[in-house]
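Just so we're clear, the structure is a prediction, and the values are computed from it rather than from any experiment. The figures that follow rest on heavy atoms only: side chains count, while hydrogens, waters and symmetry mates do not. Each chain gets a letter, A, B and so on, in the order the sequences are listed, and its residues count up from 1.
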Number of protein chains: 4
Amino acid sequence: MTDPSKRALCVALIGTGFMGKCHAMAWNNVATVYGLRRPRLKVLCDIDHYAALAHAASFGFERAATDWEAVVADPEVDIVSITTPNGLHRPMAEAALRAGKHVWLEKPMALTLEDADAMARLARSLPQQVTLLGYNYLRSPAFRAAQAMISRGDIGEPHAFRGVYDEDYSADPALPWSWRMTRAAGGLGALGDLGCHLVSQMLALMGPVSELTAMTRISVPERPSPDGPRNVENEDSAMALIRFASGAQGSFATSRVARGRKCRLQWEIHGTDGTILFDQENMNELWVHRAGEAGFTRHLSGPEQPEFAAFCPAAGHNFGFNEMKVVEAHDLLVAIEGGANAGPDFIEGLAIERIIHAMATSNGSPVALGGEA
Amino acid sequence: MTDPSKRALCVALIGTGFMGKCHAMAWNNVATVYGLRRPRLKVLCDIDHYAALAHAASFGFERAATDWEAVVADPEVDIVSITTPNGLHRPMAEAALRAGKHVWLEKPMALTLEDADAMARLARSLPQQVTLLGYNYLRSPAFRAAQAMISRGDIGEPHAFRGVYDEDYSADPALPWSWRMTRAAGGLGALGDLGCHLVSQMLALMGPVSELTAMTRISVPERPSPDGPRNVENEDSAMALIRFASGAQGSFATSRVARGRKCRLQWEIHGTDGTILFDQENMNELWVHRAGEAGFTRHLSGPEQPEFAAFCPAAGHNFGFNEMKVVEAHDLLVAIEGGANAGPDFIEGLAIERIIHAMATSNGSPVALGGEA
Amino acid sequence: MTDPSKRALCVALIGTGFMGKCHAMAWNNVATVYGLRRPRLKVLCDIDHYAALAHAASFGFERAATDWEAVVADPEVDIVSITTPNGLHRPMAEAALRAGKHVWLEKPMALTLEDADAMARLARSLPQQVTLLGYNYLRSPAFRAAQAMISRGDIGEPHAFRGVYDEDYSADPALPWSWRMTRAAGGLGALGDLGCHLVSQMLALMGPVSELTAMTRISVPERPSPDGPRNVENEDSAMALIRFASGAQGSFATSRVARGRKCRLQWEIHGTDGTILFDQENMNELWVHRAGEAGFTRHLSGPEQPEFAAFCPAAGHNFGFNEMKVVEAHDLLVAIEGGANAGPDFIEGLAIERIIHAMATSNGSPVALGGEA
Amino acid sequence: MTDPSKRALCVALIGTGFMGKCHAMAWNNVATVYGLRRPRLKVLCDIDHYAALAHAASFGFERAATDWEAVVADPEVDIVSITTPNGLHRPMAEAALRAGKHVWLEKPMALTLEDADAMARLARSLPQQVTLLGYNYLRSPAFRAAQAMISRGDIGEPHAFRGVYDEDYSADPALPWSWRMTRAAGGLGALGDLGCHLVSQMLALMGPVSELTAMTRISVPERPSPDGPRNVENEDSAMALIRFASGAQGSFATSRVARGRKCRLQWEIHGTDGTILFDQENMNELWVHRAGEAGFTRHLSGPEQPEFAAFCPAAGHNFGFNEMKVVEAHDLLVAIEGGANAGPDFIEGLAIERIIHAMATSNGSPVALGGEA
C-alpha cells in the first residue's frame with residue numbers, strides 16, 4: 001500500500017503537555033495500527049529546554065528544540081503538530097502554513113473570532129496544504145457509527161438534537177484565579193474548552209445552524225489570587241436553543257462547574273424513525289432505538305466499526321481516549337496523501353468558532369448564523 | 001388519630017378511563033396505607049351508563065351516575081375527583097367549587113390560559129375549599145427526597161436546571177388525526193400533556209421563573225383522518241431556555257414524538273456543592289454527587305423516605321406509578337383536615353399554565369414571567 | 001363477566017405487619033384493577049387486640065378478631081390470608097384447610113421440610129380447595145414476559161442459569177441476635193428468606209432440578225443480646241451449582257449480608273438463540289438479546305404485558321412491588337373460580353422447600369433431587 | 001531517571017496477529033507514556049515471510065525473521081514477546097529462557113498442566129530472568145484501584161466472590177469446527193480462553209483457593225467441517241464453587257456461548273464493610289458501596305489512579321483495552337530493572353493453570369487445591 005520510493009513524512013511536535021503527549025502517542029502508533037509507512041518523528045519543541053530534551057528521548061523524536069519559529073521553518077519538516085496554549089495557535093499555525101507545512105492544530109482555533117477568521121482565510125489561500133483541527137471526539141468508533149447510521153437513514157429524518165458537554169474542573173470556588181479566566185489571554189470559557197467539541201459533533205450530525213439564542217453564566221465571579229480576589233471574565237456555563245438549516249431544532253448546554261461530571265459529552269438525536277444516544281464517559285456504547293423495536297439497544301463498539309477494527313478484532317475490548325488521536329493522525333495522513341480531509345479543517349473550524357462566539361454574545365436574543373456548515 | 005365522632009368524607013369520581021381508574025385505586029387504598037378513617041366512595045359518574053354501573057361495582061362506589069351536574073351538586077358529596085377530557089375541566093371544577101365541594105382535578109387545568117385564570121380566581125374566592133391538581137409526579141418518594149436534599153442545602157445553591165419530558169405516543173406519522181390535535185378542543189400539545197408535569201417539578205425544585213425563550217415544532221403537520229389528511233395544530237415538541245428568579249438558568253424540552261421514550265421525565269440540577277439526577281422511567285432512583293465524593297451514588301428508594309415508608313418498610317421494593325396517586329389523595333385529605341396544602345392548588349396551577357402558554361407563544365423571543373411561583 | 005347471582009367471596013386476613021398490610025392493599029384493589037365483583041373483607045385477625053381493631057378500620061375489614069382458630073373456622077369465611085411468622089404457617093394453614101377454606105400463605109411454607117411435606121400432603125387430599133403461596137416476584141409483568149419469551153422459544157433452548165438474591169439486612173455485625181437466627185424458631189436463614197424466592201423463579205424459568213451441590217456460610221457467628229453474645233445458627237449466605245433435568249446448568253447464590261444490596265433478585269438465562277437478564281431492583285425492565293441483534297435491548301414494562309395492562313395503559317409508568325400482590329390475589333380468585341392455579345400451590349411449594357433444604361445441608365457434596373418441579 | 005550509560009533493552013516479538021499487534025503497540029509507546037529510555041524493537045518474527053516483512057516496517061522493528069529458534073537465540077535480544085498459538089508457548093518460552101532471555105508470554109501458559117509445570121520449574125531455576133504472563137486485565141486502572149481498596153481494608157474482610165467471564169464467540173452452532181476445539185491442539189475451551197483471566201483476577205483479589213467443585217458443559221457437541229460434522233472436545237462453559245484459604249466462598253462461571261456478551265469479565269466482592277463491582281465491558285468504572293453510604297457509587301477512572309495518570313491527566317477520558325498492554329510492558333521493564341515483578345510470573349501462572357484444570361476435571365466433586373496462590 002505504501003510506495004517505498006517515497007520518503008517518509010517528517011513530523012515536528014510543539015508542546016509536551018497533556019495534548020503534546022497525546023500527539024506523541026499517536027505519532028508513535030499510527031503506522032503500527034494502520035499498517036502504514038512510519039512517519040519520522042523529527043523534532044520535539046518546548047520552550048523548556050529540559051522538557052524538550054527529556055521528552056524527545058522518551059517520545060522517540062530525533063531531536064529537541066526550543067525555538068518554535070525555527071522548527072516550523074525547518075525544510076525537513078512536513079507536518080507541524082501544535083499543542084500549545086490557545087493564544088499561540090494563530091502565530092504558530094500561520095507561520096507553519098506560510099512555511100509550506102501541513103498543520104495539525106489543537107482546538108479551539110484561536111482566542112478571538114478575528115484570529116480564527118484570519119487563519120481560515122490563510123488556509124483557504126493555500127489549498128495544497130492540509131489543515132486539521134484536533135476535534136478528537138469526532139474520531140471514536142461509536143461516534144462515526146452514529147454518523148453512518150444517520151447518513152444511511154436508520155433513524156429517518158433527524159428533527160431534534162439535545163446535547164450537553166459538562167465537566168467539573170472549575171466547580172470548586174476555591175480554585176485559584178488564572179489567566180485562563182480572562183477574555184484577553186484565555187478567550188472563551190466553557191464554550192472554548194468544552195462547548196466547541198459539542199458544536200463539532202452537532203454540526204457533523206445535524207448539519208448547519210441557521211439561528212441560535214443563548215445565555216451564559218459565571219457561577220464563581222471572583223476567585224482567589226496571590227493579589228487578592230480577581231474577576232472571572234469568561235463563562236462558567238452556557239445554554240442555547242438552536243435552529244438548524246434542515247428545520248430541526250436543538251438544545252445545547254455546556255458547563256465547567258457541573259459537580260461530578262468528568263467528560264459528560266452527551267447527546268441524543270430524535271429522528272422520524274428512531275433515536276440515538278451517546279455519552280463520551282461510556283464512549284464504547286451507542287444506544288439506538290428504531291421504530292418497531294422494544295426499546296433502546298446497547299451497541300457496544302466492535303470490529304464492524306472500521307475505526308475499531310484497526311485497533312482490535314474483538315468486540316467489547318474498549319477503545320480508549322488516546323486512540324481517537326491515532327485515528328486523527330491517520331485522517332491527517334490520508335488527507336496529505338490526497339484523500340478526503342475528514343476535517344474539520346480551518347474553514348470548517350471557523351464555522352465552529354462562529355457558533356460558540358454567537359453563544360457567548362447572544363444574551364437571550366436570537367443570532368442568525370446563515371446556516372453555513 | 002381519626003376522630004370517630006366525625007362522619008367519613010364522601011367522594012364523587014367523574015370519569016372511568018386511565019386516570020379515573022387511577023383515582024379509584026387511590027381512594028380504595030389511601031386509608032389502608034396511611035391508617036386513616038376510610039372515605040366513603042359515594043358516586044361514580046360517567047356519561048356512558050353501562051361503564052358507570054360496571055365500574056361502580058368493581059371500584060367499590062355505592063352508586064353510579066351519568067349526570068355530572070347532579071353529582072357535583074349532591075349535598076352528600078364532599079370531594080369531587082375530576083378525570084374527564086381537558087375541555088370539561090373548567091365547567092366541572094367551577095360547578096363543584098360553587099356547590100361547596102373540595103376539588104381534585106387532573107392536569108392540565110384547562111384548555112386556555114383564560115379558563116385557568118378564571119378557575120384560579122374562583123378558587124381564590126373560596127379559601128375554605130381545597131383545590132388540588134393531579135401533578136402526581138410531585139409525589140414520588142424519590143422526587144420528594146430530592147426536594148428535601150435541595151432544601152437542606154445538600155448540593156449548595158442550585159445554579160443550573162436541565163430537564164426533559166419525552167414520550168413517543170405521537171411519533172408514528174400513521175397515527176390518525178384526532179380532536180386532541182386542535183387548539184380549540186385539545187389545547188396545547190406536548191406542553192399540555194407532558195411539559196406541564198416538567199414545569200411542576202421545575203418550579204418545586206428551582207423556584208419561580210422570571211423569563212423564558214422557547215420554540216416549538218410540529219413534526220407531523222398532517223395526519224390521516226376518514227375525511228382525508230387534516231392539520232395538526234398543536235406542538236409535537238418544545239424547547240426553552242429559562243431564567244429563574246434566583247439567578248439560576250435552565251434548559252427545558254418536551255416531545256411527544258421522541259421514538260423509544262415512554263415516560264422520560266428526566267432532569268438534573270447542578271448546585272455549588274453537588275448535583276442530583278432523576279429519571280421517572282427509573283422512578284425509585286436518585287443519583288447524587290456531592291463535592292468530595294468519588295462520583296454519582298445511586299439512592300434507591302427506601303423507608304427513610306416518608307412517602308415510601310407508608311407503603312413498605314423494605315428498601316429496594318419498588319414504589320409504583322399508581323402509588324403516587326395514593327400519596328396525592330393523602331395530600332388532599334391532609335389539606336381538607338386543615339393541614340398545609342401540598343399543592344399545586346388552582347392558584348399555583350395557574351403559574352404552571354402561564355409558563356407553558358408562554359413557551360407555546362415565545363417563538364424565539366424572550367417572555368417575561370414576573371417570577372411568580 | 002361476574003355472575004350477580006353468586007354471593008361475594010369472604011376473606012379473613014391474619015397478620016397486620018409488612019405482608020399483612022400488603023395483602024390488605026391487594027384485597028382492596030383486586031376488583032378495582034381487574035373489573036371483578038368485589039370480595040368482602042370479613043375479618044382481620046391479630047393477636048394484638050388494638051392492632052386488629054385499628055387496622056380493621058383503616059384496611060376496610062368488617063370486623064376485628066384476635067383468636068385465629070375461631071377465624072379460620074368461621075363459616076362465613078371463604079379465603080384465609082396468612083401473613084404471620086413462619087412458625088405459625090403450618091398450624092394455621094392446616095386448620096384453615098381442614099375447615100374447608102382456600103388458603104393464601106406467605107412463603108416460606110414452614111420451618112422444616114417435614115412440616116412442608118405434611119402441609120403438601122394435606123393439600124393434595126383436598127383438591128377442591130385452592131392453596132397459593134406468596135411468591136409475589138413470580139407475578140411482575142417483566143417476570144411473566146420473560147417466562148413467555150422462553151416458552152415461545154425467543155432465546156432458543158436455555159442452557160445456563162445464573163441467579164442471585166442478595167440483601168444487606170443482616171450485614172451489620174452490631175445487629176442484635178434474634179430468635180429468627182435459630183434453627184428451631186427461625187428455620188433457614190438467607191435461603192428461607194430470600195433463596196426460596198430465587199428458587200421459585202428458577203423453577204418457573206428452567207424447569208425441575210435433578211442435582212445440586214451447595215455450600216453455606218455464617219459471616220457473623222455471634223451477635224449481641226441482652227444476655228451476652230449468642231450464636232447465629234442459620235446461614236448468612238449460600239451458593240450452589242445446579243443441574244437441571246433439561247440438561248442445562250446453573251449457578252445460584254443468596255446472601256443477607258451483601259452490603260449495599262436491597263432487593264437484588266437478579267438472574268440471567270443463556271439460550272441457544274439469545275439471553276435474558278432481570279433485576280428486581282429495576283423490576284420494570286428486561287434486557288434481551290437475540291441472535292443477530294446488536295446488543296442487549298431494554299424492554300421497559302408496558303401494556304403489551306397483560307399484568308401491566310390491567311393497571312395502566314401507558315408504558316414507562318412503573319409497576320410497583322405492592323401491585324405484584326394484587327396480581328397474586330387475582331391469580332387466587334381465578335383458581336377459586338375454577339381456572340388454572342398459577343401456583344405455586346402447596347405441592348409445588350414443597351419442591352421449592354426441598355431445594356433450599358438440600359442447599360442448606362449439601363456442604364459441598366452433590367445431592368440428587370429427582371428432577372421434580 | 002534513565003541511566004544514559006546503559007544500552008537500551010532489545011526486543012524480539014514473535015507473532016503478528018491480534019496479540020502480536022497489541023504487543024507491538026505497547027512496545028512503541030511504553031517509553032512515551034512512562035518517560036523511559038526507549039527499548040529497541042530489534043526483530044519481528046512470523047512464519048509468514050511477507051507478514052513478517054510488512055509488519056516489521058509498520059510496527060517499527062529493525063528487521064523481520066521467520067525462524068523463531070534463531071530469533072530467541074539471537075545474542076542481541078534481551079526480551080522475547082511470545083504471542084503465538086498456545087501449542088507453541090512451551091517450546092518457545094523454554095528455548096528463550098534457556099538462551100538467557102526475559103520472556104513475556106501470552107496466556108494461557110500451555111496446553112496441558114504438565115507443560116505448565118515444566119515451564120514453571122525451568123523459570124524457577126533461572127531466577128535472574130524475568131517471566132511475565134499476559135494477563136492484561138490485571139493492569140487496568142480500575143482493577144488496580146479495586147485491589148488497592150481491598151488491601152487498604154475499604155470494604156473490610158472480603159467474604160464472598162461472584163465472578164463470570166462470558167463471551168459469545170462460539171455461540172453460533174453454524175460456526176465451523178476447528179482444531180482449537182480439540183484437547184490435543186486446543187487444550188481447554190472456555191476455561192483456557194476466558195476462565196483463566198477470571199482466575200487471575202480472583203487470586204489477585206481474594207488470595208489462594210483451597211478447594212473447588214465445578215461442572216462443565218459442551219453446548220454444541222458437533223460442528224460442521226469440510227469432512228462432515230466433527231466433535232467438540234473442550235468445554236463451552238464451566239461453573240464452579242470456590243473455597244478460599246481465607247475462609248471466604250466464591251462462585252465462578254465462564255462461557256464462550258453466552259449470546260450477546262462480548263467481554264463480560266464481571267465480578268463482585270462482598271466484604272464485611274462494603275462491596276465492589278467491576279465489569280470489563282465498562283472497564284473505566286468501579287461501583288463501590290461502603291457501610292453507611294446511600295448506595296453504590298460510580299468511580300470513573302481518573303488520574304488519582306496511578307495507571308491512569310501515566311496516560312492522561314483528566315478523569316473521564318476512557319482508558320482503553322490496548323493501553324493495559326502498555327502497563328504490562330512497563331511492569332515487565334520494572335521487573336527487569338530489578339523492581340518487583342507484578343506478575344503473574346510462570347510460578348504464579350502455574351497456580352492459575354491448576355485451578356482451571358481442576359475445574360475442567362471436577363465433574364461435580366470437590367477438588368482440594370492446597371491453597372497455593
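Most heavy-atom pairs under 4.5 Å with chain C: of the set F311(B), Y169(B), F319(B), this distinction falls to F311(B). Ranked by heavy-atom pairs under 4.5 Å with chain B, the list C312(C), G17(C), C263(C) is led by C263(C). Top candidate by heavy-atom pairs under 4.5 Å with chain C, chosen from N284(B), V33(B), V30(B), is V33(B). When each of R261(B), M283(B), E167(B), K21(B) is checked for heavy-atom pairs under 4.5 Å with chain C, K21(B) comes out on top. In terms of heavy-atom pairs under 4.5 Å with chain B, the best-connected choice from R264(C), E323(C), H55(C) is E323(C). Contact count versus chain C (heavy atoms, under 4.5 Å) is highest, among V326(B), N318(B), N322(B), for N318(B). With chain B as partner, the option from M25(C), M324(C), H317(C) having the largest number of non-hydrogen pairs under 4.5 angstrom is H317(C). For chain C, the option among A54(B), G60(B), G260(B), C22(B) with the highest count of heavy-atom pairs below 4.5 Å is G60(B).
Enclosure of atom CG in L277(B) by more than 12 non-hydrogen atoms of other residues, nucleotides or ligands within 6.0 angstrom is indicated. Other residues, nucleotides and ligands contribute only 12 or fewer heavy atoms inside 6.0 Å of the CZ atom of R180(C). Environment of CG in L53(C): crowded, with over 12 heavy atoms of neighbouring residues, nucleotides or ligands closer than 6.0 Å.
In summary, R259(B) and D168(B) do not engage in a salt bridge, as defined by a charged side-chain N under 4.0 Å from a carboxylate O. One finds no salt bridge joining E281(B) and K262(B) here, because no Lys/Arg side-chain nitrogen approaches an Asp/Glu carboxylate oxygen to under 4.0 Å.
Judged purely by distance below 3.5 Å, without hydrogens or angles, the side chains of N28(C) and R38(B) pair a donor atom with an acceptor atom.
Listed by sequence position, A310(C) are the residues of residues 301-310 of chain C in contact with chain B, using a 4.5 angstrom heavy-atom cutoff.
For F61(C), no part lies under 4.5 angstrom from a heavy atom of chain B. When heavy atoms are compared at a cutoff of 4.5 Å, E285(C) approaches chain B solely by way of its side chain, counted from C-beta outward.
Note: H330(B) and Y34(B) have parallel aromatic rings, judged against thresholds of 30 and 60 degrees for the angle between ring planes. Y165(C) and Y137(C) have perpendicular rings, their planes meeting at more than 60° on a 0 to 90° scale where under 30° would count as parallel. Ring geometry for H23(C) against W104(C) counts as tilted: the plane angle lies between 30° and 60°, on a 0 to 90° scale.
The nearest pair of heavy atoms linking F278(B) to S140(B) is CZ-OG, 4.4 Å. Across all their heavy atoms, G189(C) and R256(C) have their closest contact at CA-NH1, 3.4 Å.
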